[in-house]
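Below you'll find the structure, written out as structure tokens, and then a few comments.
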Amino acid sequence: MIVSWNTTNRCNLKCKHCYRDSGKEINNELTTKEAKTLIDQIVKTGFKIMIFSGGEPLMRDDIFELISYASQVGLRSVLGTNGTLISEKIAEKLKKSGIAGVGISLDSLDSKKHDIFRGYDGAFRDTINAMKNCREAGIRFQVHTTVMEWNKEELITITDSAIAMGAAAHHIFFLIPTGRAKNIEDEVLKSEEYEKLLTAIMKKQQEVHIELKPTCAPQFVPIAKSLGIDIRFKRGCIAGINYCVINPKGDVQACAYLSQSAGNIRKTTFDEIWRNSVLFNNLRTQNYKGSCGSCKYKDTCGGCRARAAYYSKGNYMESDKLCTF
């Protein structure tokens with residue numbers, strides 16, 4: 001079971017696809033004390049992995065203290081970052097805090113394209129240095145790529161580069177038009193391109209030793225099975241089932257791209273929200289509408305609930321329109 005906490009809305013970049021529309025700090029973000037209480041409740045609820053993300057989590061002054069606390073109480077603490085702030089010194093501090101892994105975003109091997117997409121000259125340079133600094137500090141790191149029309153042809157090459165840089169995994173995120181990404185909705189892959197790329201990723205998995213994991217693309221599980229490819233993932237979309245997100249102000253969501261709140265940890269304990277919220281219990285019924293409801297892959301795929309909601313006026317139980325099955 002995995003929980004991701006968007007620790008802050010603050011960010012040093014202005015990425016075109018940001019689901020949180022991050023930049024400036026928002027009022028009333030969780031305090032250090034509230035964050036530690038949340039971590040205790042997450043452990044009590046049975047979660048094993050906690051992702052510290054953002055915004056840019058390294059912009060929180062207490063981030064190393066919180067990572068250390070989560071690690072001490074038994075969580076596997078990992079960091080989701082744009083990477084630009086990971087100097088040698090920061091990598092050493094992350095290592096000392098007990099971080100188990102770092103996910104670093106890289107969307108193109110063309111430095112100019114990556115910098116433009118991330119809204120910062122030098123983002124590519126600093127991101128590559130972050131990977132080097134993590135490697136030298138002995139921190140497991142993985143590469144995160146958001147795939148769109150403009151970079152889809154690069155994807156397999158980025159996997160090869162991730163291997164060369166010493167990454168343990170390459171996680172590939174498929175664009176959901178939420179937050180600032182609404183402005184680049186035309187970059188979402190079409191259904192045929194989507195399935196073709198998922199198939200290529202799964203075939204690439206047979207050739208490489210690192211883990212390749214499509215995200216917001218649950219159809220990769222039945223595709224892998226149809227190709228006879230053995231993967232450790234048993235289900236595609238786990239939003240509200242084995243995964244959830246907490247935003248900077250304490251609202252609990254099924255995933256980062258599904259805006260509906262299951263409750264707020266300042267009003268209700270996290271474990272109670274996880275067990276009893278209407279949102280989560282609806283998702284766990286798997287009583288999907290349309291083709292997702294009748295699909296033979298319902299139990300292993302589940303369709304992307306965030307994409308279903310976006311294209312169905314907020315109805316997260318509707319069909320995933322991008323699917324070709």
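Just so it is clear, the model here is predicted, and its values are computed rather than measured.
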message = Given R305, which partner from the list C255, C292, C216 fulfils the side chain to side chain contact (heavy atoms under 4.5 Å, CB included) test?
response = C292

Quick check: does any side chain N or O of [X] sit under 3.5 Å from a backbone N or O of [Y], one acting as donor and the other as acceptor?
{"X": "N9", "Y": "K24", "value": "yes"}
{"X": "N133", "Y": "I86", "value": "yes"}
{"X": "D115", "Y": "A123", "value": "yes"}
{"X": "S312", "Y": "N315", "value": "no"}
{"X": "Q219", "Y": "C323", "value": "no"}
{"X": "S319", "Y": "S291", "value": "yes"}
{"X": "N151", "Y": "D107", "value": "yes"}
{"X": "T7", "Y": "S53", "value": "yes"}
{"X": "R118", "Y": "L106", "value": "no"}
{"X": "K95", "Y": "G138", "value": "yes"}

inquiry  = For a quick check under 3.5 Å, do Q41 and T45 share a side-chain donor-acceptor pair by atom type?
reply    = no

query = Just checking, is any N or O donor in the side chain of T84 or N82 under 3.5 Å from an acceptor N or O on the other one?
reply = yes

With a 4.5 Å heavy-atom cut-off, do [X] and [Y] have their side chains touching?
{"X": "L258", "Y": "Q253", "result": "no"}
{"X": "S4", "Y": "Y243", "result": "yes"}
{"X": "I128", "Y": "K132", "result": "no"}
{"X": "C304", "Y": "L322", "result": "no"}
{"X": "N28", "Y": "R266", "result": "yes"}
{"X": "T300", "Y": "Y297", "result": "yes"}
{"X": "M1", "Y": "N242", "result": "yes"}
{"X": "Q142", "Y": "I210", "result": "no"}

Residues [X], [Y]: salt bridge by 4.0 Å N-O rule:
{"X": "E149", "Y": "K152", "result": "yes"}
{"X": "R10", "Y": "E29", "result": "no"}
{"X": "D62", "Y": "R60", "result": "yes"}

ask   = Can you list the steps and then say if F220 with F174 is a ring-ring contact (aromatic ring centres under 6.0 Å, His included)?
value = CA-CA 12 Å; F220 85 93; F174 284 74; 9.5 Å; no

inquiry  = Do M50 and V78 land in one hydrophobic cluster if side-chain heavy atoms of ILVMFWY residues count as linked below 4.5 Å?
reply    = no

ask   = Among the clusters formed by ILVMFWY side chains lying less than 4.5 Å apart, do V147 and L175 turn up in the same one?
value = no

message = Less than 6.0 angstrom separating the ring centers of F173 and Y257, yes or no?
response = no

request  = Test salt bridge (charged side-chain N to carboxylate O under 4.0 Å, His left out) on E65 and K36 and set out the steps.
outcome  = CA-CA 10 Å; E65 177 184 352; K36 288 183 176 180; 2.7 Å; yes

note = Correct closest heavy-atom pair for A200 and I156 would be O-CD1, 4.3 Å

inquiry  = Taking atom CD as the centre, does Q286 end up with more than 12 heavy-atom neighbours from other residues, nucleotides or ligands that are less than 6.0 angstrom away?
reply    = yes

